[in-house]
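Here is the structure we will look at.
As a basis for the values below, the full set of heavy atoms in this structure was taken, side chains included, without hydrogen atoms, waters or symmetry mates.
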Amino acid sequence: MKRYRHYSKDRAIVLSCFGSVIEENLYLDLQKDVQERFKECDVFLSFSSRMVLKLLKKNGKEFKNLPQTLADVDMAGYKNIIVSSVNLFPTDEHEFTKKIVDGFKNFSLSKLRITDAILTKTKETTLFLKELDQAIKKDEVVNLYIIHGTPRLDMNGIDSITYSANYLEMMGNNYTCSLEGAYPYYAIKEVLVKKMKKDGVKKVQIVPMLLVSGNHYIKDMIEIRDEIREEFECEIVKSLTSYKKFNLIEIDSIREIIYQNIKQEITKLGC
């Protein structure tokens, strides 16, 4: 096929991320680390949030969404493309990414594969949650894990969120809620406070289950912290790295899951 002669480059990795106006550098750091880990590949970055893309453009920062990035990578002539789903749970954002990749397969001569979302496999998810809980645990302090959540109860991947919340609560001294999913904070805060008081809680540590601490950290987590402070001593968990705010994307075990997911799809491509 004559057209295939233009596909002269071997492998590309495309990181498919939601994006952030405030913390886009964390995604750029991830891109740099993936490039270092997979030196034989060229690594590209895409953002899925149109709001983020527009606001970044206003600030003079040009990023592209996944369809634009895949078009560029295809035009550059890469034979093999791995799309890394940099989404914490395999819910709506991950499903949308899959649809884009599946659609692109219909007309691109490249071989395309997409990775799992980060917390998809039971073993990796369990080990990460256990490691995280042990790393942030403090004497006489309970953790309130706040998961972003998904607005629909029939969404693919919601079992991953449910499992994570249930596992964390089973570990002891942990409570969970969401921002906009099942058991949202705004709807259960009175019940949550009542249960904490019954359990004899004095101090609460808020743990944002967010890949990056962008607008949700600034708006929602601080607001929730201030409300809980009316009843208990309360702080947001400190970063496990040198960064000022707590971000899951900086945790080594999260990065390792991303790397292993990419490696697995490279193996499946047979290249």
Side-chain angles (χ1 to χ4, degrees), residues 1 3-118 120 148 150 155-157 210-212 214-216 249 255 258-259 261-262 265-266 268-269 271:
M1 186 184 294
R3 289 178 182 172
Y4 197 71
R5 72 178 185 273
H6 298 292
Y7 290 79
S8 57
K9 297 182 179 179
D10 189 10
R11 274 176 277 179
I13 297 169
V14 178
L15 303 176
S16 179
C17 314
F18 183 79
S20 173
V21 177
I22 300 166
E23 305 289 2
E24 77 274 7
N25 284 333
L26 289 172
Y27 289 116
L28 291 169
D29 289 342
L30 175 65
Q31 180 185 15
K32 190 184 302 180
D33 287 349
V34 172
Q35 184 66 79
E36 180 65 26
R37 180 64 68 100
F38 298 94
K39 291 184 172 67
E40 71 282 6
C41 303
D42 292 326
V43 182
F44 301 84
L45 180 65
S46 70
F47 288 164
S48 62
S49 170
R50 296 206 174 196
M51 181 191 72
V52 167
L53 290 168
K54 288 177 180 178
L55 289 173
L56 286 171
K57 190 171 184 179
K58 279 186 179 179
N59 296 333
K61 300 175 182 179
E62 192 76 35
F63 290 87
K64 294 183 178 181
N65 63 20
L66 182 57
Q68 290 172 313
T69 305
L70 285 177
D72 289 344
V73 172
D74 176 83
M75 188 64 185
Y78 287 90
K79 298 176 185 177
N80 303 286
I81 303 171
I82 296 93
V83 176
S84 173
S85 178
V86 187
N87 296 290
L88 191 59
F89 296 104
T91 51
D92 48 347
E93 287 297 328
H94 176 70
E95 287 299 310
F96 186 55
T97 302
K98 284 170 61 178
K99 288 179 181 178
I100 292 171
V101 173
D102 288 342
F104 212 83
K105 288 178 180 179
N106 290 321
F107 55 82
S108 173
L109 295 181
S110 303
K111 292 180 181 178
L112 288 101
R113 293 200 65 89
I114 180 171
T115 72
D116 289 329
I118 297 168
T120 297
H148 183 279
T150 182
M155 184 69 65
N156 286 339
L210 303 170
L211 273 178
V212 299
N215 283 327
H216 281 305
I249 202 170
R255 299 256 177 154
I258 294 171
Y259 301 150
N261 285 347
I262 293 171
E265 298 310 317
I266 290 176
K268 288 179 181 178
L269 278 173
C271 59

CD1 of Ile13 to CG of Leu45: how many Å apart, nearest 0.5 Å? 12.5 Å

In Å and rounded to the nearest 0.5 Å, what is the CD1 to CD1 distance from Ile114 to Ile262? 11.5 Å

Would you indicate whether the side-chain heavy atoms of Leu28 and Lys32 approach each other to under 4.5 Å? no

So Glu62 and Lys57, do their side chains get closer than 4.5 Å, heavy atoms only? yes

Spell out, as yes or no, whether a donor-acceptor pair under 3.5 Å connects the side chain of Asn65 to the backbone of Gln68. yes

Tell me the closest heavy-atom pair linking Asn156 and Glu95, and the distance in Å. ND2-OE1, 3.5 Å

Heavy atoms, side chains only, cut-off 4.5 Å: are Asn59 and Val21 in contact? yes

Is it true that, when you exclude Tyr259 itself, more than 12 heavy atoms of the residues, nucleotides or ligands shown sit nearer than 6.0 Å to its OH? yes

May I have the step-by-step check of side-chain contact (heavy atoms from CB on, under 4.5 Å) for Ser16 and Ser85, ending in yes or no? CA-CA 5 Å; Ser16 179; Ser85 178; 5.6 Å; no

Nearest 0.5 angstrom please: Thr97 OG1 to Phe18 CZ, how far? 11.0 Å

Is there side-chain contact between Cys17 and Leu211, with heavy atoms separated by less than 4.5 Å? no

Nearest heavy-atom pair of Ile118 and Asn261: which atoms, and what distance? CA-ND2, 4.4 Å

Looking at Val83, is its backbone amide N or carbonyl O close enough to the side chain of Glu265 to form a donor-acceptor pair, meaning the two atoms are under 3.5 Å apart? no

Should we say atom NZ of Lys64 is surrounded by more than 12 heavy atoms from elsewhere, each under 6.0 Å from it? no

Side-chain contact, heavy-atom cut-off 4.5 Å: Phe44 with Ile81? no

Nearest 0.5 Å, what's the OG-CG distance between Ser49 and Leu56? 8.5 Å

For a side-chain contact (heavy atoms from CB on, under 4.5 Å) check, start with the C-alpha distance between Ile266 and Phe38, then their side-chain angles and the critical distance, and finish with the verdict. CA-CA 10 Å; Ile266 290 176; Phe38 298 94; 3.9 Å; yes

At their closest point, which heavy atom of Glu93 faces which heavy atom of Asn87, and how far apart are they? CB-OD1, 3.5 Å

Shortest non-hydrogen pair, Lys111 vs Leu269, comes out as CB-CD2, 3.7 Å

Taking the six-membered ring for Trp, are the ring centroids of Tyr27 and Phe47 within less than 6.0 Å of each other? yes

For the backbone of Val86 and the side chain of Ser84, can you confirm whether one donor and one acceptor N or O come within less than 3.5 Å of each other? no

Is there a donor-acceptor pair closer than 3.5 Å between any side-chain N or O of Thr120 and the backbone N or O of Pro90? no

Distance from Leu30 atom CG to Ile249 atom CD1, nearest 0.5 Å? 4.5 Å

Nearest non-hydrogen partners of Ser20 and Val52, listed with the distance: N-CG1, 3.5 Å

So, taking the atom named CZ in Arg50 and the one named CG in Leu55, what distance separates them when rounded to the nearest 0.5 Å? 14.0 Å

Compare every heavy atom of Arg255 with every heavy atom of Leu26, then report the nearest pair and how far apart it is. O-NH2, 4.3 Å

Does a salt bridge link Lys9 with Asp42, judged by any charged N lying under 4.0 Å from a carboxylate O? no

